[in-house]
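Note sheet for the following structure.
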Amino acid sequence: MINITFPDGSVKQFEAGVSAYDIAMSISPRLAGDILAATVVPASDATGKGTIYDITRPINEDASIKLHKWEDPEAKKVFWHSSSHLMAEALEALYPGIKFGIGPAIENGFYYDVDFGGHTLVEAELKAIEDKMIELARSKEQFVRTEVSKADALKNFTEKGDQYKCELISDLEDGTITFYQNGNFTDLCRGPHLKDTSVVKAVKLLSIAGAYWRGDEKRNMLTRIYGITFPKKSLLDEYLVLLEEAKKRDHRKIGKEMELFTFSQKVGQGLPLWLPKGADLRFRLELFLRKIQQQYGYLPVVTPHIGNKDLYVTSGHWEHYGQDSFRPITTPQEGEEYLLKPMNCPHHCEIYRSKPRSYKDLPVRLAEFGTVYRYEQSGELHGLTRVRSFTQDDAHLFVRPDQIKEEFEKVIDIILYVFKTLDFKNYKAQVSLRDPNNKTKYIGSDENWAKAEAAIQEAAQEKGLPTVVETGEAAFYGPKLDFMVKDALGREWQLGTIQVDYNLPERFGLEFVGSDGMKHRPVMIHRAPFGSLERFVAVLLEHTAGKLPLWLTPDQVNIVPVSEKFADYAKKVCDLLNNSEIRASVDDRNETIGKRIREGELKRIPYQLIVGEQEEKDGTVSVRKQGGVNVGTMSLEDFTKAITDEVKAQLA
RNA sequence: GCCAGUGUAGCUCAGGGGUAGAGCGCUUCCUUGGUAAGGAAGAGGUCGUGAGUUCAAUUCUCACCACCGGCUCCA
């Protein structure tokens, strides 16, 4: 007999070899029917973390257990992973001879990478695959786990001619290899899996994409099929509605609706054109940050949009990115070449170098809203989040080595203030370190890398900022701390960034005179709280669904006169508001009042003022807040004060 | 750059080998309306670009361009 401990601390005895399913059954058959996976922590597991088990897998020793129903992320993962096997089985039945790469569960659903040989899978075929999956699911196929030797595993997939699985197996250690079989389909898989396929009730295959084998663009491109499944049809319907809702928050759609920005094929791919309202919004964001930076002792600078190629040879960027960027600009002067600036740092280094610096002058903080140009691959361009011309809210801090941590922490403060003011709550702070196994990708000495990586992690820790560490994600010149935020569809984008750089000061020969009268090398910190105005605006639009905070939004107040008789009063109200720096306009078009209010709502204007006979007589306005809330009638002075106070509070 | 999809009016989209449609928007007129769509008339498109097949191409074929979903990349 073995002891099984439950999450509430109670202990029950079972025969050795009992499964999670048996255990659930001993509590209630209903529970047994609901559970999809179990976290089992065997007594011998020193980590205490345990393993997710198939609910049919025997438990052979004392263990604690947690049973997972659909609501648990662990269960969803198992459900979707099994669904990818189910899809693979359907695919193999419909397209005999195809080969399989990998097929994991993802955040929302699963995919499988498949080599269809000569066949090109098109979207029209997905329906038939979905139907086959449902058919197979209904036949209640068990997922059968078997442990196999490496030799047998290789033999199996060699006979099948699946070079991808063979490659995966050859990387595995003998004795750890398991197969899972559902129906006629056997896959190399660590598991865990569902008990059987019958719980999969609803299937939607979402899209087809090409994906390089093992993420390597030099290798075969496999066909990746994305899908999602649910244990109930209604859950699928809800999910699809949710997806539609998310698409309505797409910044590209909102940007068009609110007339913030546009693109032109004639101007060029990835080159955003900011429309008047968008430019207005952008300037307001800039002003907001300028004020903070002034408080933190930043000095504004302005530098040209091009720079001599030698500048980038010196910085090392030419060597790293020269081949993949906009080509150099030539001049009538033989041999003279300029580059569109891909970043501002080299220019700022030259500003630092323009005069001798004393240790007393440091830190020197040079800030610029600098527009840069990068030739991003055409397939990578995406709305405002990935463009070829964008403006960084850039600054470079030239600091003494003993000032790094303090300066780094101040930058964290600025970024957190910006995020707080704009109500970004779900961000991730990511520390990006270099890949120690691929040092040739990076420039700079081991010693400086170690110092910089330590400085970042210490600063984050002292600020109490929870971080995730990603190895191999560092910039080529230094490690960084990035703030990542998700868009409407769950894609993650980097916004704010702070980067320590020991390299450029070296390359540019930057110096300061120390208290000892000797020359020393400053350390450089790159930082951009927004990242770029383009990306920041994009993510902000998706987070707010276009309902921007009052202080930021281009149109704050829409004044709707009840009829044209009151247009003059409306204009007077508008002028008075404008004089108080409130962005108001009058909609006195020949349309019904209901229609004009509706359009004000659709334009996401925070306040609408309805004015008619009564208001004109009393010098008041009838206030309607976005979303249909009738705030009531108030004097114009009171309204002006309320708006001004609300803006102040938002910026506090 | 790679794989798949899309490209028709300012916007959202329907259509389809015989030179085009809807709704919204826009213009004009009627209506002067009190908190999410009043009515009428009108203007507006070489159907992404180029080539090919055909008596005839916006429709079929090919190439290119752009956009969209992914992959790779992201200073």
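Numbered from 1 within each chain, the chains take letters A, B, ... in sequence-line order.
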Could you tell me if [Y] and [X] have a donor-acceptor pair between their side chains, going purely by distance under 3.5 Å?
{"X": "Y442(A)", "Y": "D435(A)", "result": "no"}
{"X": "T303(A)", "Y": "E368(A)", "result": "yes"}
{"X": "Y607(A)", "Y": "E646(A)", "result": "yes"}
{"X": "E125(A)", "Y": "Y95(A)", "result": "yes"}
{"X": "T371(A)", "Y": "T391(A)", "result": "yes"}

Hey, is the side chain of [X] poking within less than 4.0 Å of OP1 or OP2 on [N], counting only N and O atoms?
{"X": "R388(A)", "N": "rC73(B)", "value": "no"}
{"X": "K595(A)", "N": "rG25(B)", "value": "yes"}
{"X": "S563(A)", "N": "rG33(B)", "value": "no"}
{"X": "R491(A)", "N": "rG70(B)", "value": "yes"}
{"X": "R224(A)", "N": "rA4(B)", "value": "no"}
{"X": "Y321(A)", "N": "rA75(B)", "value": "yes"}
{"X": "R596(A)", "N": "rG33(B)", "value": "no"}
{"X": "R252(A)", "N": "rC68(B)", "value": "yes"}
{"X": "T223(A)", "N": "rC3(B)", "value": "no"}

Geometric cation-pi criterion, R535(A) with F530(A): 6.0 Å, 45°: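 Geometry flag: not set, cation outside 6.0 Å or 45°.
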
Geometric cation-pi criterion R224(A) and Y111(A), 6.0 Å radius, 45° cone: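 Yes, a cation-pi geometry holds between R224(A) and Y111(A).
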
base_contact_polar (rA36(B) base, R624(A) side chain, donor-acceptor, <3.5 Å):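 Flag set: donor-acceptor pair detected.
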
Any N/O donor-acceptor pair, E615(A) side-chain to rG34(B) base, under 3.5 Å: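 Indeed, a donor on one side and an acceptor on the other fall under 3.5 Å apart.
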
How would you label the contact of [X] with the nucleic acid (heavy atoms, under 4.0 Å): base, sugar-phosphate, or nothing?
{"X": "H382(A)", "result": "sugar-phosphate"}
{"X": "D216(A)", "result": "nothing"}
{"X": "F263(A)", "result": "nothing"}

Among the candidates [options], find the nucleotide nearest to the side-chain atoms of [X].
{"X": "A209(A)", "options": "rG69(B), rC67(B), rU35(B)", "answer": "rG69(B)"}
{"X": "E591(A)", "options": "rA36(B), rG38(B), rG69(B)", "answer": "rG38(B)"}
{"X": "Y226(A)", "options": "rG70(B), rC74(B), rC26(B)", "answer": "rG70(B)"}

Stacked pair F476(A)-rA75(B), distance under 5.5 Å, angle under 30°: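 By the stated criterion, F476(A) and rA75(B) do not stack.
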
With D171(A) via side-chain contact (heavy atoms from CB on, under 4.5 Å) - residues at least two apart: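 Result, side-chain contact (heavy atoms from CB on, under 4.5 Å) vs D171(A): R214(A).
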
Distance in Å, K309(A) NZ paired with E337(A) CD, rounded so as to fall on 0.5 Å steps: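 Here the rounded value is 4.5 Å.
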
Summary of protein contacts for nucleotides 43-48 of chain B, nucleotide by nucleotide, where a base hit scores B, a sugar-phosphate-only hit scores S (4.0 Å, heavy atoms): ------

F100(A) ring center near Y112(A) ring center (under 6.0 Å):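 Yes, ring centres under 6.0 Å apart.
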
Every protein N/O lying under 3.5 Å from an N/O of nucleotides 8-13 of chain B:
residue : atom : partner : partner atom : Å
rU12(B) : OP1  : K256(A) : NZ           : 3.3

